[in-house]
Structures are given as C-alpha cells and as structure tokens.
Amino acid sequence: MKPVLSAKDVTENVVRYSRQYLTLKFLFWGALYSTTFHGLWYLSTQLETVVNTVSWYLPAGLRLAAFIIAPYRSWPMLIVCEKVLFYVLFSPNAALDKDYFFSGSVGWYLVHFIAAPCVIMAGAWVIKRKFSAPYIASVESTISFLIYSLIMSMSFGLLFLGRKAFEGSQVSQHFWSTLFEFTLGDIVGILVLSPLLLLLSSTQRNGYSSGLALSVSMWLLTLVVSHLFLTSGFDFS
C-alpha cells in the first residue's frame, strides 16, 4: 500500500513541477509563439480559397514545427499562451469574433481548448519519437512527415468543420468538398513554413546540411505544384 502524501510533499511536488514547466523562458516562447501564430492567421485570411472557411493556413506550419522543435516541458506553456490570446481575440463579442465562427458554444470550447491541442501534441509526439532531428533529412522521413501532416490536417478539419456543421453552419451543405480544401490549405501552410523552420533549427544546432537543404527544395517544389493546383480553377464541389 502506497503511503499517503502529506501536505508538505504535495506542496514540494507542485513547486518542483512548476519550476520545470512554468519558467520565464517557456513563457517567452509561448508569448512569441501565440503572437506569431495569430499574426499568421490574419495573413492567411488574405489568402482564402473558400471565403470564411479555407485559406493557405500558414499557422499550421508554425504550429507543427514549434511543437516538434520545442522540448516537451514547454508544450503546456505554448498551449496556454496561444489559447489565452485566442480567447481574447475570438471569444463571443471579442475583436475578431464573427457570426460564422459560432463561438461560445460547448462545442467551440471542447474543440479549440481540448481536442485541438491533443491532436497537435499527439502528432508532434509521434514524429519526435519516430524520427530524430531534422526529421525531413531522408526520403523515408520526408514521406512519413508528409503523411503524419496530412493525418493531422484532416483531423483538424474534421474537428473544426464537423463542429460547425453540427451546430448549423452552411458548411454542412458541402462538407466533404470543404474538408478537402481545408486539408489542402492546411498542408500548404505546413509546406511553406515547417521545412524552413526545421532547417533553421537544425542549422543552428548542427551546422549546414546539404541533404536537408535538398529535402526543403523538394518541399518547396511541392508547394509550387499545390499553388498551381489551387489556382487552376478546378471545381471541387
């Protein structure tokens, strides 16, 4: 039978874990991440492929790269800072709140504050466990990175669009075509930023890598193809 922890033991454990997870360095990282994330969100609204729904979602690339590069202990602070700013900006009647966001509902809280963080943490954890930095230095790791990115993008799409459809949004009328374009926009955001951020992080740690530079070039070529595909006028509906 395990001994019962005393109040002193509990206090000491709280202080110890607080020192590990709630540091000024992690707070700075969280503030920088959340500010950049929402700045990229605003930029992405100017790159919409489906009005009020789908864009070249640049924050997706930052989000994935940040959670891969950052140590596990910093993840709670990244999430807390991003969600605090998200709430300030998008909560009911906030500065950036819109009717079509359906903000303030139970589903809105569950999806944005619980489900979405779980998806990005699970995806980043799998990538970090399966591959070592720089994560896209080989054909195998690059293909796997793309597959995991696709799975995460589809998961986010199912969460965000599914919640809107369930709560009465017009998204339900063209759900699957909108999900396809949402996922594609998310993937493009990852292609734009994630390889470059991973390259920068790897170069800072280990010096220049020609193999990684080649992988990034392949990613950017895929980006060009995606751009041509998005602007080709193809009717997904």
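Just the heavy atoms: all of them, side chains too, but no hydrogens, waters or symmetry mates, feed the values below. Residues: numbered from 1 along the sequence shown.
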Nearest atoms (heavy-atom pairs only) where S91 meets S103: C-OG, 4.1 Å

cation_pi(K25, F28) dist<6.0 Å, angle<=45: no

Smallest separation among heavy atoms of C81 and A31, with atom names: SG-N, 3.8 Å

F101 and F90: CA distance, side-chain angles, deciding distance, side chain to side chain contact (heavy atoms under 4.5 Å, CB included) verdict: CA-CA 8 Å; F101 288 162; F90 295 97; 3.7 Å; yes

Non-hydrogen side-chain atoms of F175 and L158 separated by less than 4.5 Å: yes

Side-chain heavy-atom pair Y87, Y109 within 4.5 angstrom cut-off: yes

Cation-pi geometry met for K128 and Y72 (6.0 Å, 45°): yes

Check: S194 side chain, L191 main-chain N or O, donor-acceptor pair, under 3.5 Å: no

Heavy-atom check, side chain of R163 versus side chain of S105, under 4.5 Å: yes

Flag side-chain contact, heavy atom, 4.5 Å: Y57 against R63: yes

Trace of the side chain to side chain contact (heavy atoms under 4.5 Å, CB included) decision for I79 with F113: CA-CA 9 Å; I79 292 172; F113 292 89; over 6 Å; no

Min side-chain heavy-atom separation F156-F182 under 4.5 Å: yes

Any Y148 side-chain heavy atom under 4.5 Å of L64 side chain: no

Minimum heavy-atom distance between S153 and D186, given as atom pair plus value: OG-OD2, 2.8 Å

Note, T183 side chain near L179 side chain (heavy atom, < 4.5 Å): yes

Any side-chain heavy-atom pair of L193 and L40 under 4.5 Å: yes

Contact summary for H112 and P117, nearest pair of heavy atoms: O-CD, 3.5 Å

Spacing of CG belonging to L85 relative to CH2 belonging to W41, to within rounding of 0.5 Å: 11.0 Å

Aromatic contact, W75 with F67 (centres under 6.0 Å): yes

